[in-house]
Amino acid sequence: MTGSTTPVLLYLDADGPLIPFGAGPYPAAREGEANPLLARVDPTLGPKLAALPCELVWATTWMAEANECVAPRLGLPELPVVVWPEPSDEDGRGGIHWKTPALLDHAAGRSFIWVDDEITDADRDHVAARHPGRALLHRVDPGQGLTEADLGVLRAWLRTG
């Protein structure tokens, strides 16, 4: 963890990192499940994420629904949610992901980790040029979802702060 008393923010995307798109195998969806892909959520990830010295925040298009649908499967409490701005003509300029400016605004200078499957070098460059705090933008393979190796990268980065 950093030397600061303010915990690092950990922005979590759901689709891809926590709900992988790969071939599986995955448990069968529950009868009557509104979204059968929720069966792909690995419940063992929740305690591992909760054990990180971070403040977990949803950074997903699921928005508040992540607290209703994804968090319980992970055994996580209700988490804060990044509220996305309305789409704009500026989205995607310079090759950056549309979430990137909103996450910088939300972080407000605090150190953060962003876990997503759509992060590119353009996002890393944009954050490095505009964010005064430490930042780790970690791309997860959406076919596998968040793995122990990914968690190892997060832990190592947190130790170096």
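Not a single donor-acceptor pair under 3.5 Å links the side chain of Lys48 to the backbone N or O of Leu151. Listed for the Asp13 side chain is no donor-acceptor partner under 3.5 Å among the backbone atoms of Thr60. Looking at Arg40, its side chain never comes within 3.5 Å of a backbone N or O of Ile19 through a donor-acceptor pair. Of the possible donor and acceptor atoms, one in the side chain of Asp150 sits under 3.5 Å from a partner among the backbone N and O of Thr147.
Between Arg124 atom CZ and His138 atom NE2 the span is 9.0 Å, to the nearest 0.5 Å. Between atom CG of residue Leu137 and atom CD1 of residue Ile113 there is a gap of 10.0 Å, rounded to the nearest 0.5 Å. The distance from the CG atom of Asn35 to the CH2 atom of Trp62 is 4.5 Å, given to the nearest 0.5 Å. Rounding to the nearest 0.5 Å gives a distance of 7.5 Å between CG of Asp15 and CG of Leu37. Leu79 CG to Tyr11 OH: the interatomic distance, rounded to the nearest 0.5 Å, is 12.5 Å.
Put simply, the side chain of Lys99 reaches to within 4.5 Å of the side chain of Trp84, judged on heavy atoms.
The cluster map of Ile, Leu, Val, Met, Phe, Trp and Tyr, joined by side-chain heavy atoms under 4.5 Å apart, puts Trp98 and Leu12 in the same cluster. Both Val153 and Leu146 are assigned to one and the same hydrophobic cluster, defined by single-linkage of ILVMFWY side chains at heavy-atom distances under 4.5 Å. Val41 and Tyr26 are assigned to two separate hydrophobic clusters, defined by single-linkage of ILVMFWY side chains at heavy-atom distances under 4.5 Å. Phe21 and Leu74 fall into different hydrophobic clusters, where Ile, Leu, Val, Met, Phe, Trp and Tyr residues are linked whenever their side-chain heavy atoms come under 4.5 Å apart, directly or through other members.
His97 and Asp116 share no donor-acceptor pair across their side chains, judged by distance under 3.5 Å alone. Checking Arg134 against Thr160 by side-chain atom types alone, a donor-acceptor pair falls below 3.5 Å.
Thr6 approaches Arg110 most closely through the heavy-atom pair CG2-NE, 3.1 Å. The shortest heavy-atom contact between Ala122 and Gly95 is CB-O, 3.6 Å.
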* Show the numbers, then the answer: is there a salt bridge (Lys or Arg N to Asp or Glu O under 4.0 Å) between Glu148 and Arg155? => CA-CA 10 Å; Glu148 189 56 44; Arg155 289 182 195 112; 2.6 Å; yes
* Would Leu158 and Cys54 count as a side-chain contact (heavy atoms from CB on, under 4.5 Å) if you check the C-alpha gap in whole Å, the side-chain angles of each, and the deciding distance to 0.1 Å? -> CA-CA 9 Å; Leu158 288 162; Cys54 297; 3.7 Å; yes
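Centroid-to-centroid, the aromatic rings of Phe112 and His106 stay 6.0 Å apart or farther.
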